[in-house]
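Each chain gets a letter, A, B and so on, in the order its sequence line appears, and its residues count up from 1. Small disclaimer: the values here were computed from a predicted structure and weren't measured.
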There are 2 protein chains.
Amino acid sequence: MANQTVSYLEVDRPTPECPVEVTLHALRGRWTTLVVRELLGGARTYSELAGALAVSDKVLADRLAQLVECGVVERSRVAGWPPRVSYALTPRGQALRGVLDALWEWGSHDCS
Amino acid sequence: MANQTVSYLEVDRPTPECPVEVTLHALRGRWTTLVVRELLGGARTYSELAGALAVSDKVLADRLAQLVECGVVERSRVAGWPPRVSYALTPRGQALRGVLDALWEWGSHDCS
DNA sequence: CAGAATCCGAGACGATACTG
DNA sequence: CAGTATCGTCTCGGATTCTG
C-alpha cells in the first residue's frame, strides 16, 4: 500500500480538499460504512444488501451510487431472470479495511 | 494502546452504535478534523484557532463543544485580562493521530 | 476575547408510492 | 428485482448580530 511515511501533520495548509476530507467524504452517511462492511465479506446483490441492512431503498441506492462514484464499489448486472445487480468492492474499496479497523480501534475505547 | 487484534469484520451485528460509528460521530462536521489537526500541534486559544481556520464563530464553537463532549478536547480558562480560553487535546484526543493518518493514507491515493 | 442567539439554505435520512 | 419520485424532518454550515 505505497508508503506509510507521510503523516497528517506534515502538510503545510489544511484545506477542505485534503486527503482526510476525501476519505470522510467517501464514508459520509450513516449507512455507508455498514454497506462497505457487508461487501468486505464478498459481493452482494441489491436485495441481499437490503435484507442485511434494514435501510430504505432510497438511502441504500443513494449510498451505493456514492460509493460507485468514489471508486469504492463496482456495479454489475447479472444476466438472466429476474434481473439482478451485483455490487463488489474495487481494490480501492478493499483498502478501506485498514481505515475501518482504525476507526473501530479508537471508537472501542471508553470515553468515561 | 490496548490490543489491535480486534478487526472490524469480527463483530457479529453491525449497529449504528458500533465503535466505527462512535469515531465517525466524534469526527462529524466539515471542520472537526482540521480543529484536531491544529491541536495536534499543541494547545491553542480560541482566537488562535479562529485565525488559523477561517471559520465562523458559530461553527468553531459548535465543533469545540462537540469535541469537549466526546472527551477529545479539554477546555480551560486562562487567568488575566483579556479573558482567554485554551483548548488542548486529551490523551484520547492525541490517540486520534493514528486515525487521521489512516484517513490521510487512503485519501491520498488517486481515484482515476 | 470568547462566545451565544437567530435565521437561512443544503444535504442526508425515512417512509411511502410507483416502475422498467 | 432494483431501483426512482416525492415529501417531510433533522442536522450542519455560514453569515450576522449581540453580550459577559
Engineer: Salt bridge check: are B/Asp101 and B/Arg97 linked by an N-O gap of less than 4.0 Å?
Structural biologist: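 Salt bridge: no.
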Engineer: Begin with the C-alpha distance, continue with both residues' side-chain angles, and end with the deciding distance and a verdict on side-chain contact (heavy atoms from CB on, under 4.5 Å) for A/Leu64 and A/Tyr46.
Structural biologist: CA-CA 9 Å; A/Leu64 286 170; A/Tyr46 181 91; 4.0 Å; yes
Engineer: Nearest whole angstrom, please: distance from the P of D/dA2 to the CD of A/Glu48.
Structural biologist: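 Those two atoms, CD and P, are 8 Å apart.
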Engineer: Taking atom CD of B/Glu74 as the centre, report whether more than 12 heavy atoms of other residues, nucleotides or ligands fall under 6.0 Å from it.
Structural biologist: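 Open: at most 12 neighbouring heavy atoms sit under 6.0 Å from CD of B/Glu74.
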Engineer: In whole angstrom, give the distance that lies between atom CZ of B/Arg84 and atom C1' of D/dG20.
Structural biologist: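 Going from B/Arg84 (CZ) to D/dG20 (C1'), I get 17 Å.
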Engineer: Go nucleotide by nucleotide along DNA chain D from the 5' end; which of B/Asp62 and B/Asp57 gets its closest nucleotide reached first?
Structural biologist: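 Between the two, 5'-proximity favours B/Asp62.
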Engineer: In whole angstrom, give the distance that lies between atom CD of A/Glu69 and atom P of C/dA12.
Structural biologist: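 Atom-to-atom, A/Glu69 to C/dA12, this comes out as 11 Å.
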Engineer: Separation of B/Leu24 atom CG from C/dA12 atom P, in whole Å?
Structural biologist: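 The answer, rounded to whole Å, is 15 Å.
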Engineer: Taking the nucleotide of DNA chain C with the nearest heavy atom to each, does B/Arg75 or A/Val59 sit closer to the 5' end?
Structural biologist: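 Counting from the 5' end, the first nearest nucleotide belongs to B/Arg75.
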Engineer: What nucleic acid atoms does A/Arg63 come within less than 4.0 Å of, heavy atoms only: base, sugar-phosphate, or nothing?
Structural biologist: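 Since only primed, P, OP1 and OP2 atoms lie under 4.0 Å of A/Arg63, the category is sugar-phosphate.
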Engineer: Check whether any side-chain nitrogen or oxygen of B/Tyr87 sits under 4.0 Å from OP1 or OP2 of C/dG3, and answer yes or no.
Structural biologist: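 For C/dG3, OP1/OP2 do have a side-chain N/O of B/Tyr87 under 4.0 Å.
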Engineer: What about B/Lys58: does its side chain form a donor-acceptor pair under 3.5 Å with the base of D/dG13?
Structural biologist: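 Flag set: donor-acceptor pair detected.
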Engineer: Less than 4.0 angstrom between a side-chain N/O of A/Ser56 and OP1 or OP2 of C/dA15, yes or no?
Structural biologist: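 Answer is no, no contact under 4.0 Å.
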Engineer: Give a yes/no answer on whether the side chain of A/Arg28 brings an N or O atom under 4.0 Å of OP1 or OP2 in C/dA12.
Structural biologist: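 It does, given that an N or O in the side chain of A/Arg28 lies less than 4.0 Å from OP1 or OP2 of C/dA12.
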Engineer: Just the rounded figure in Å: distance from C1' of C/dA2 to CZ of B/Arg77.
Structural biologist: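 Interatomic distance, CZ of B/Arg77 to C1' of C/dA2: 10 Å.
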Engineer: Please determine whether side-chain contact (heavy atoms from CB on, under 4.5 Å) holds for the pair B/Leu24 and A/Leu24, giving the CA-CA distance in whole Å, both sets of side-chain angles, and the decisive distance to 0.1 Å.
Structural biologist: CA-CA 9 Å; B/Leu24 291 177; A/Leu24 291 177; 4.3 Å; yes
Engineer: Applying side-chain contact (heavy atoms from CB on, under 4.5 Å) to B/Trp104 and B/Thr33, what does each step give before you reach the verdict?
Structural biologist: CA-CA 11 Å; B/Trp104 179 279; B/Thr33 61; over 6 Å; no
Engineer: Rounded to the nearest angstrom, tell me the gap between atom CZ in A/Arg30 and atom P in D/dC10.
Structural biologist: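 Those two atoms, CZ and P, are 14 Å apart.
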Engineer: Taking CZ from A/Arg44 and C1' from D/dA2, how many angstroms apart are they, rounded to a whole number?
Structural biologist: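 Checked: the CZ to C1' distance equals 18 Å.
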Engineer: Return the value, rounded to whole Å, for the distance between atom CG of B/Leu64 and atom P of D/dG13.
Structural biologist: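 Going from CG in B/Leu64 over to P in D/dG13 covers 12 Å.
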Engineer: Below the 4.0 Å mark, does D/dG14 have OP1 or OP2 next to a side-chain nitrogen or oxygen of B/Trp31?
Structural biologist: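 For D/dG14, OP1/OP2 do have a side-chain N/O of B/Trp31 under 4.0 Å.
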Engineer: Can you figure out which of C/dG14, D/dA2, C/dA2 approaches the side chain of B/Tyr46 most closely?
Structural biologist: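 So the side chain of B/Tyr46 is nearest to C/dA2.
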